[in-house]
Amino acid sequence: MEAMLASRNVTAGVNAGWSSSSSSMLCPGEKAALNGVRCNGLRFGGSKLLRREVRVSERGVRGAVTGKGLGLGVRAATGNGAAQQFDYDVVIIGAGVGGHGAALHAVEKGLKTAIIEGDVVGGTCVNRGCVPSKALLAVSGRMRELRDEHHLKALGIQVAAASYDRQAVADHANNLATKIRGNLTNSMKAIGVDILTGVGSVVAPQVVKYGKIGFSDKTVTARNIIIATGSVPFVPPGIEVDGKTVFTSDHALKLEWIPDWIAIVGSGYIGLEFSDVYTALGSEVTFVEALDGLMPGFDPEIGKLAQRILINPRKIDYHVGVLAKKITPAKNGKPVQIELIDTKTKETKDVLEVDAALIATGRAPFTKGLGLEKVNVVTQRGFVPVDERMQVLDSEGKPVPHLYCIGDANGKMMLAHAASAQGISVIEQISGRDNVLNHNSVPAACFTHPEISMVGLTEPQARALAEKEGFKVSVAKTSFKANTKALAENEGDGLAKLIYRPDTGEILGVHILGLHAADLIHEASNAIAMGTSIKEIKYAVHAHPTLSEVLDELFKSAKLDEHHAAVETEETKQIVEAVAA
Ligand SMILES: Cc1cc2nc3c(=O)[nH]c(=O)nc-3n(C[C@H](O)[C@H](O)[C@H](O)COP(=O)(O)OP(=O)(O)OC[C@H]3O[C@@H](n4cnc5c(N)ncnc54)[C@H](O)[C@@H]3O)c2cc1C
Ligand SMILES: NC(=O)c1ccc[n+]([C@@H]2O[C@H](COP(=O)([O-])OP(=O)(O)OC[C@H]3O[C@@H](n4cnc5c(N)ncnc54)[C@H](O)[C@@H]3O)[C@@H](O)[C@H]2O)c1
């Protein structure tokens, strides 16, 4: 497993392949075989009464379900009226959160579904991403609070010095991943999704093969194929990962040791979340960021505030505008060496010597060996090109019929819930209901303490769009210092920012830094998804005293044109100005 994970890092944009596969093979029709149905190939029998009839509409399939879970073939009417049989309505390659979301929704819509997994169910999010990292962050949040004398004193609490057991913390993360992996597997098995073990690839339109490396492959036919093969850590050239002193998030999540001094290369989501974990557990952190400021992906104002709250008061220093050109792991008594060069001039700037280096420089799609060339698809830096409906595009930019790609592998938005939402959208389409996911309504969150969350456009993005399309943009802000619940928790550090159109009341973006920001963002993301304007949402009632009143206050403080006059309290204005100062 270790070797396999190590081989899955991607260096310089070249996709890693699979080195092995450990699990035993499952025939899609093991149950079907009992009914005299062949495991591979196109000929599947079974009772006509139990067979599912699938009708093809212009965009996808309308079907009535019969014989689900019995491994029986499904029959589709082709354009010329001839019947064509498929083993499955949907075959999904990759059982990460994207594939899982698609599989569950497919069964709900009556589609006979199989999912192929080459490693373990749950993919990155469950095994090497969201789930174990949030377990570590739960510990870092508590450690941070228990060690913050000033904060505890303000609440009147006294505690003896807090400490932690590294292995027990690591076990908490690992156990949680195991539990969630089991939940995901059981949720699919319970509803009759066939879980096929092995590495899958496309061999022809609507035909997929899968198998354990070194063993003969099995073939299944599918009315629709969904690629959901995810991503792996991207390691820039010149960086030597040994998995011990120079490592990616895959290794860091195991928390095998706590370095006294760790360099984190990249200040995006992974870098920032791990800086929260490591500093809470006692490490000193040095960020190395290629762009001119830390957290370049965030709204600049939120990034600035995050620097004041999450970076400056902690044992963190940073080098920005520099690339880690070469990193050599610790060996022969020498520490980890990091050669820094200026991003623009490429001149050598510095050499850092640290105990460890975490490489958090983004993720690369895991799409090599998928056989896409067989259907005339050329990947772009490894990403599978798709249209807004996640239909895979061929080398001429035309959609390949019945072939979709969701999640990290298409690179549209590398987030777990985005992968799952794209999967649901695809299933809606192949069930005969057109569906386009509004990616602008998909929230994102960074689970630091306090958290950062966002949905829609940043202020510079909104202003650029406004200039292009000729509309006006306004910004409203509220502070957590004006929120009773936040003050009761002694957690007044934080800001919520609304970017909107004053003429229509359209919400263009919302950014929050503060206690439970990751939960608070959903009122805004749902409003964007539903097309709810500020004119409507500002009259929604919020329980008092709750953190959700931060957003209530935010929407109420928007100044809408003419008769949509703003209600902005003088108090909020003063606090926001004080926070910004
Ligand atoms: C440290 C870290 C923390 C993260 N935290 C968050 C978070 O808090 N919130 C969030 O939204 N996102 C988070 N992410 C991102 C999130 O994990 C991904 O966006 C998400 O996992 C993508 O889902 P996916 O289904 O596209 O791919 P994956 O989860 O990568 O799953 C792909 C699956 O396909 C399998 N596979 C690949 N190729 C084949 C093949 N040929 N045949 C068969 N199977 C194959 C893989 O083994 C894998 O199981 C985090 C990522 C990392 C690294
Ligand atoms: N809470 C979450 O939702 C969460 C948590 C972790 C990861 N993720 C997802 O995982 C993906 C990967 O996260 P990530 O933090 O690795 O990527 P990222 O794209 O968020 O950040 C990478 C950072 O590394 C910098 N960088 C790149 N090459 C560099 C180099 N050679 N030297 C110095 N700096 C360099 C970039 O400028 C950027 O700031 C993200 O797309 C994110 O969506 C999400």
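Counting starts at 1 for both ligands and their atoms, in listed order.
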Lys412 NZ: over 12 foreign heavy atoms closer than 6.0 Å: yes
When you measure from atom 24 (O) of ligand 2 to every protein heavy atom, which one gives the shortest distance, and what is it? Gly266 CA, 3.2 Å
Could you check Leu253, Asn174, Ile180 and say which one makes a side chain to side chain contact (heavy atoms under 4.5 Å, CB included) with Val131? Ile180
Going by the order shown, which atoms of ligand 1 are within less than 4.0 Å of some heavy atom of Ser133? 3 (C)
Rounded to the nearest 0.5 Å, how far does CG of Asp342 lie from CG of Leu323? 8.5 Å
The reported gap from OH in Tyr210 to CD1 in Ile116 (rounded to nearest 0.5 angstrom) is 7.0 Å
Phe298 and Tyr269: CA distance, side-chain angles, deciding distance, ring pair (Phe, Tyr, Trp, His ring centres under 6.0 Å) verdict: CA-CA 10 Å; Phe298 296 152; Tyr269 284 80; 5.7 Å; yes
Without hydrogens or angle criteria, can the side chains of Asn127 and Arg181 be said to hold a donor-acceptor pair below 3.5 Å? yes
Atoms in ligand 1 flagged as close to Gly96, the criterion being non-hydrogen separation under 4.0 Å: 25 (O), 29 (O), 31 (O), 33 (C)
With sequence neighbours excluded, residues passing ring-ring contact (aromatic ring centres under 6.0 Å, His included) with Phe247: none
Quick one: which ligand 1 atoms are inside 4.0 Å of a heavy atom on Gly118? 43 (C), 44 (N)
Please work out which of Gly129, Gly200, Ala360 has its closest non-hydrogen atom nearest to atom 42 (N) of ligand 1. Gly200
In this structure, atom 11 (C) of ligand 2 is nearest to the protein heavy atom Arg363 CG, 3.8 Å
Proximal ligand 1 atoms for Cys125, defined as those under 4.0 Å from one of its heavy atoms: 17 (O), 21 (O), 29 (O)
Would Ile406 count as a polar contact of ligand 1, with the cut-off being nitrogen or oxygen pairs under 3.5 Å? no
Trp261 side chain to Thr286 side chain, donor-acceptor N/O pair below 3.5 angstrom: yes
Counting only heavy atoms not in Lys346, do more than 12 sit closer than 6.0 Å to its NZ atom? yes
What is the closest protein heavy atom to atom 34 (N) of ligand 2, and at what distance does it sit? Ala290 N, 3.1 Å
Is it the side chain, the backbone, both or neither of Ala409 that has a heavy atom closer than 4.0 Å to ligand 1? neither
A student comparing Asn410, Thr124, Asp408 should find that the heavy atom closest to atom 18 (C) of ligand 1 comes from Asp408
Would Asp242 and Thr245 count as having a side-chain donor-acceptor pair, cut-off 3.5 Å? yes
Ignoring angles and geometry beyond distance, decide whether Ala416 reaches within less than 3.5 Å of ligand 1 through its nitrogen or oxygen atoms. yes
Ligand 1 versus Ala228: contacting region, heavy-atom distance under 4.0 Å: backbone
Check each atom of ligand 1 against the heavy atoms of Met414 and keep those under 4.0 Å away; list them by number with element. 15 (C), 19 (O)
Can you find an N/O atom of Met414 closer than 3.5 Å to an N/O atom of ligand 2? yes
For atom 31 (N) of ligand 2, the option (of Leu323, Ile338, Leu340) bearing the nearest heavy atom: Leu323
Hey, does His417 come in under 3.5 Å of ligand 1, counting only N/O atoms on both sides? yes
Tell me whether Gly362 reaches ligand 2 (any heavy atom closer than 4.0 angstrom to a ligand atom). yes
What do you reckon, does Arg363 put a non-hydrogen atom under 4.0 Å from ligand 1? yes
State whether Glu240 and Lys326 are salt-bridged, where the test is any N-O pair (Lys NZ or Arg NE/NH1/NH2 against Asp/Glu carboxylate O) under 4.0 Å. no
Thinking salt bridges, do Arg128 and Asp119 make one under a 4.0 Å N-O criterion? yes
Below 4.0 angstrom from a heavy atom of Ile116, which ligand 1 atoms are there? Numbered from 1 as shown, please. 43 (C), 44 (N)
Does the side chain of Ser231 pick up a donor-acceptor pair with the side chain of Asp408 at under 3.5 Å? yes
Report, as yes or no, whether the 6.0 Å neighbourhood of atom NZ on Lys134 holds more than 12 heavy atoms from other residues, nucleotides or ligands. yes
Using heavy atoms and a threshold below 4.0 Å, how should the contact between Ile93 and ligand 1 be classified: side chain, backbone, both, or neither? side chain
Can you report which non-hydrogen protein atom sits closest to atom 36 (C) of ligand 2, along with the distance? Glu289 OE2, 3.5 Å
Which residue owns the protein heavy atom closest to atom 18 (P) of ligand 2, what's the atom, and how far is it? Gly268 CA, 4.1 Å
Write down the atom of Arg314, the atom of Ile309, and the distance for their closest heavy-atom approach. NE-O, 4.2 Å
Where does Phe447 meet ligand 1, judged by heavy-atom distances below 4.0 Å: at the side chain, the backbone, both, or neither? side chain
With heavy atoms only and a cut-off of under 4.0 Å, state how Val120 meets ligand 1: side chain, backbone, both or neither. backbone
Within reach of ligand 1, part of Cys130 (heavy-atom separation under 4.0 Å): both
Can you find a non-hydrogen atom of Ser231 under 4.0 Å from ligand 1? yes
Starting from atom 22 (C) of ligand 2, what is the nearest protein heavy atom, named by residue and atom, and what distance separates them? Ala360 O, 3.5 Å
Distance under 4.0 Å to a non-hydrogen atom of Arg128: what atoms of ligand 1 satisfy this? 1 (C), 53 (C)
Whether the Gln461 and Asp299 side chains hold a donor-acceptor pair (N or O, under 3.5 Å, no angle test) is what I'd like checked. no
Would Gly198 count as a contact residue for ligand 1, given that I'm defining contact as a non-hydrogen atom of the residue lying under 4.0 Å from a ligand atom? yes
Side-chain donor/acceptor pairs under 3.5 Å, residues 509-527, sequence neighbours excluded:
from   : atom 1 : to     : atom 2 : distance (Å)
His511 : NE2    : Leu457 : O      : 2.8
His522 : ND1    : Ala518 : O      : 3.4
His522 : ND1    : Asp519 : O      : 3.2
Glu523 : OE1    : His542 : NE2    : 3.0
Glu523 : OE2    : His542 : NE2    : 2.7
Ser525 : OG     : His522 : O      : 3.3
Asn526 : ND2    : His522 : O      : 3.3

For atom NZ of Lys374, is the number of surrounding heavy atoms from other residues, nucleotides or ligands below 6.0 Å larger than 12? yes
Nearest neighbour of atom 14 (P) of ligand 2 from the list Ile341, Ile270, Val320, on a heavy-atom basis: Ile270
For atom 1 (N) of ligand 2, state which one of Ala445, Pro236, Cys130, Cys446 supplies the nearest heavy atom. Ala445
Might you confirm whether atom CZ of Arg166 has over 12 heavy atoms from other residues, nucleotides or ligands at distances under 6.0 Å? yes
Which residue supplies the protein heavy atom nearest to atom 29 (C) of ligand 2, what is that atom called, and how far is it? Thr361 CG2, 3.4 Å
Could you tell me, atom by atom, which parts of ligand 1 come under 4.0 Å of a heavy atom of Phe366? 37 (C), 38 (N)
The single option from Asn435, Asn224, Ile92, Ile226 that satisfies side chain to side chain contact (heavy atoms under 4.5 Å, CB included) with Val426 is Ile226
Return yes when Lys134 approaches ligand 1 closer than 4.0 angstrom through a heavy atom, no otherwise. yes
